[in-house]
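See structure below.
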Amino acid sequence: MSYVLPGDVLTLPTPPPKSLKLGPGLLMLHTPGNPVIAHRPGVLHSTQKQQHWVETESRRYIPASQESVIGVITYRAAEAYRVDIGGAHQASLDVLAFESATKRNRPMLKVGNLVYARVSLANRDMDPELECFDATTRKADGFGELKDGFIVECSLGTCRKLLDSKHFLLPSLAQKFPFEVAVGMNGRVWLRAGSVKATVAISRAIEMLDDRQTSDEEVAAFVQHMDV
Amino acid sequence: MSEMEEIVGSPFLNKLSGPESRFEPLNSGNLRSDGRRPLELRSFEAELTTHPSADGSASVSHGLTQVTACVYGPREAKNRGLTMHDRALVNVEVSVAPWAGEMRRLRSRGDKRTLEFAASIKSTFEPVIQTTLYARSEIDIHIHVLQLDGGLLQASINATTLALVDAGVPMLDYVSSLSAGLYHTTAMLDLTSVEESDLPSVTVAVLPRSGKVTLVSMETRLHVDRFEEMFKLAMEGGKVLRGEMDRVVRERTAALARQMEGGVALKEDDKMDTDL
Amino acid sequence: MPREVEPSINQREFISSAIQEGIRADGRAPLQARQMVIRFGNELGWVECSLGKTRVIAQVCATVTRPFLERPFEGIIVINSEFSPMASSAYETGRPSEEEVTISRMLEKTIRRSEALDREALCILAGQKVSIVWVWTLRVTLHFLSDEGNLLDCACVAAMAVLRHFRKPDIEVVGDEVTVFPPEERAPVPLALHHQPMCVSFAFLGPKNALVVDPTHLEEQLANGTMSISLNAQREICVLQKAGGVALPADEVMRAVNVAVLRVRELNDIVTKALEKDSKTRVIEVR
């Protein structure tokens with residue numbers, strides 16, 4: 001595990017490998033020698049298959065295609081909803097972009113409703129676009145309106161941790177009580193549990209995880225001693 | 001200039017006049033400096049539709065304090081970005097005439113005190129006006145203070161209530177406001193400016209029908225135990241004031257109704273049966 | 001700057017149903033406040049207060065100036081509130097928003113109008129001729145660093161803590177001459193405080209308008225109404241501001257006043273303990 005700062009050069013094994021996969025945070029320069037530098041500060045991760053990326057802590061979401069996000073509807077135009085996903089621009093969600101929606105039969109969402117959607121278009125020159133169905137199967141697959149529940153805002157890194165199936169928090173909470181969760185890559189997590197107390201408990205656990213000053217052990221201890 | 005406190009009624013000015021004119025809130029006969037009894041209100045006068053060009057207007061005077069309010073709306077918002085999708089936006093602007101106080105003072109529009117004043121009036125009326133009936137529109141309230149002798153907030157709120165009634169804006173109830181002060185153990189209602197600068201005072205605005213209070217504003221030091229009595233008396237006084245406001249509105253409505261029926265203008269002492 | 005996005009319907013309904021069960025979103029009881037942490041700087045007259053994630057820095061500086069013409073024997077106190085988008089992207093530098101005006105005015109009323117500081121004690125020279133009067137001008141600057149709800153209470157504690165922390169330079173008056181001694185030569189002098197007002201803010205949430213103390217940002221956005229009360233340890237109300245919002249019966253208002261009395265005692269204890277702890281780390285002559 002090594003920390004890199006913007007401008008640090010990535011040392012590649014010699015001889016240079018045939019295929020190199022550069023993930024977020026790394027850039028190959030077009031200067032002689034084609035050095036790979038980090039342009040974001042963070043922890044450098046590398047895998048055996050020559051995949052490299054930099055894990056950066058950030059809170060501002062930059063839309064990227066095929067990511068799942070949680071949005072709040074802010075405006076309802078004739079053909080599309082305008083959705084706030086926490087990025088620089090509001091995204092647009094077509095009114096028919098839901099599973100089996102036709103002109104006659106479509107979900108009527110109001111301003112203030114929450115949706116779990118997939119970013120279908122994220123181009124730096126246009127407003128991002130969302131869709132509420134899976135790209136390949138065209139089925140809802142969990143996308144669509146999120147009813148009830150509560151939203152917790154956290155950093156993008158925390159969301160990525162929660163999406164990792166090997167991370168300890170969600171499974172250890174699941175041992176205490178049943179709940180539903182939808183994690184958006186835009187720094188928002190939606191929760192719904194059987195009781196208000198349970199929902200508040202999960203939200204506090206996620207906030208503790210998000211707080212950089214509490215260690216993982218403290219969060220695990222909090223979950224252990226949770227009384228719901 | 002804005003950092004200086006109110007010069008009106010300052011102890012410095014009193015020093016010039018000498019000890020004989022020292023202000024006595026309550027004299028030996030239990031009368032106030034203007035001859036009123038402690039719980040007596042000043043003469044209340046109200047007139048509706050003082051500005052026919054506005055959608056609604058009213059002019060209110062409590063003794064020497066005179067305030068006019070004009071209401072425009074509900075109408076299309078000037079700034080689309082600030083409107084709310086499911087309710088009307090209420091904007092309040094207050095301007096105090098330079099000649100209103102004891103000494104001539106030109107107050108700038110961005111004066112924090114004035115802005116705070118406007119913000120309190122806005123949040124007083126927002127829950128009372130049925131804003132959900134007018135989505136994405138705006139209701140503008142302009143308040144002009146013409147003469148100031150204490151009770152500014154109370155007069156402004158009462159004037160705004162009547163102006164909104166005149167404009168036909170639907171409201172849950174009248175908002176009736178009154179100031180109260182405490183001299184030793186005697187509570188007094190409807191304070192003049194000399195009384196306000198000398199005694200701890202509170203202004204309350206009530207919704208008289210439900211008896212609940214919507215605005216409470218106190219800026220002077222007072223012990224907790226003595227606060228309650230003064231506060232509750234002010235609320236009671238607010239309910240009485242509502243009766244006065246209601247009387248004015250009904251008289252005017254009666255006159256309008258007569259005009260609408262194409263009747264001949266009746267003599268002044270010919271009143272309709274007003275049942276309060 | 002665009003307006004802040006309003007909370008979603010889900011948030012609103014959750015907070016509303018939670019408060020009916022007496023639970024708040026961050027696990028607190030309705031009358032429970034967040035932990036107040038006070039940290040003093042190296043210089044005298046600098047303090048950082050944080051209430052949960054809400055943070056405010058207060059700083060005092062004193063200069064010798066002429067008094068106002070109408071009040072020649074009183075010092076001058078200026079309270080300067082610096083809002084910036086650092087606290088929240090809803091604040092712009094430039095025209096103050098309604099919330100900024102409300103907070104600035106409440107602070108002014110709580111500290112200046114209630115005469116917490118003895119202004120006459122700030123007068124340096126009351127000479128024979130009124131034209132050669134000098135007074136201290138104290139400038140209290142509050143920087144709002146982070147807004148996670150209840151900036152007002154945090155700012156008030158910061159302002160009172162900094163006024164108790166600050167020491168002004170010692171002065172000697174001989175005839176018409178004034179000598180200001182730097183802190184190295186003579187120990188600086190604390191300010192004379194008449195009383196210590198603290199502010200307690202409330203929000204009314206849910207269909208039954210339940211009273212909560214120290215609202216978070218989300219609770220402030222979803223509240224039906226808010227109320228702020230400034231009290232001192234002698235149980236005197238300095239400012240009571242319930243500017244509109246939902247209409248309440250008089251007894252609810254009195255209940256809030258009683259809760260505020262207890263909370264102010266707590267806050268004063270916290271500030272006193274923090275000041276004691278800080279004074280142990282300093283080498284100053286305390287008069």
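Note that the structure is a prediction, hence the values are computed from the model and not measured.
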Which region of [X], side chain (C-beta onward) or backbone (N, CA, C, O), has a non-hydrogen atom less than 4.5 Å from a non-hydrogen atom of chain B, or is it both or neither?
{"X": "C/D251", "value": "side chain"}
{"X": "C/N224", "value": "neither"}
{"X": "C/V257", "value": "side chain"}

message: If the condition is side chain to side chain contact (heavy atoms under 4.5 Å, CB included), which residues does B/A119 pass it with, not counting sequence neighbours?
response: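 For B/A119 the side chain to side chain contact (heavy atoms under 4.5 Å, CB included) partners, ignoring immediate neighbours, are C/E98.
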Look at [options] and state which one has the largest set of heavy-atom pairs under 4.5 Å with chain B.
{"options": "C/Q234, C/M227, C/E252, C/K109", "result": "C/K109"}
{"options": "C/T102, C/I229, C/I237, C/T110", "result": "C/I237"}
{"options": "C/L231, C/I79, C/V101, C/L248", "result": "C/L248"}

query: Is the count of non-hydrogen atoms from other residues, nucleotides or ligands lying under 6.0 Å from B/R136 atom CZ greater than 12?
result: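 No, CZ of B/R136 has 12 or fewer neighbouring heavy atoms, counting only those of other groups under 6.0 Å.
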message: Report, in residue-number order, which members of residues 220-236 of chain B are under 4.5 Å from chain C by heavy-atom distance.
response: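 Residues in range: B/T220, B/R221, B/L222, B/H223, B/V224, B/D225, B/F227, B/E228, B/F231, B/K232, B/M235.
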task: Please list, in residue-number order, every residue in residues 202-215 of chain B that has a heavy atom less than 4.5 Å from any heavy atom of chain C; write 'none' if there are none.
output: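 Counting heavy atoms that sit under 4.5 Å from chain C, the residues of residues 202-215 of chain B involved are B/L207, B/K212, B/V213, B/T214, B/L215.
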message: What residues of residues 199-211 of chain C make heavy-atom contacts with chain B at a cutoff under 4.5 angstrom?
response: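 Within residues 199-211 of chain C, no residue comes under 4.5 Å of chain B, counting heavy atoms only.
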- prompt: Would you say B/K112 and C/S104 make side-chain contact, with heavy atoms under 4.5 Å?
  reply: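 Side-chain contact under 4.5 Å: yes.
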- request: Find the distance between CE (B/M218) and SG (C/C238) and round it off to the nearest 0.5 Å.
  value: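 The CE atom of B/M218 sits 8.0 Å away from the SG atom of C/C238.
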- prompt: Roughly how far, to the nearest 0.5 Å, is the CD atom of C/E108 from the CD atom of B/E116?
  reply: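 The CD atom of B/E116 sits 9.0 Å away from the CD atom of C/E108.
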message: Please check: side-chain N/O of B/S123 versus main-chain N/O of C/G245, any donor-acceptor pairing under 3.5 Å?
response: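 Between the backbone of C/G245 and the side chain of B/S123 there is no qualifying donor-acceptor contact (under 3.5 Å).
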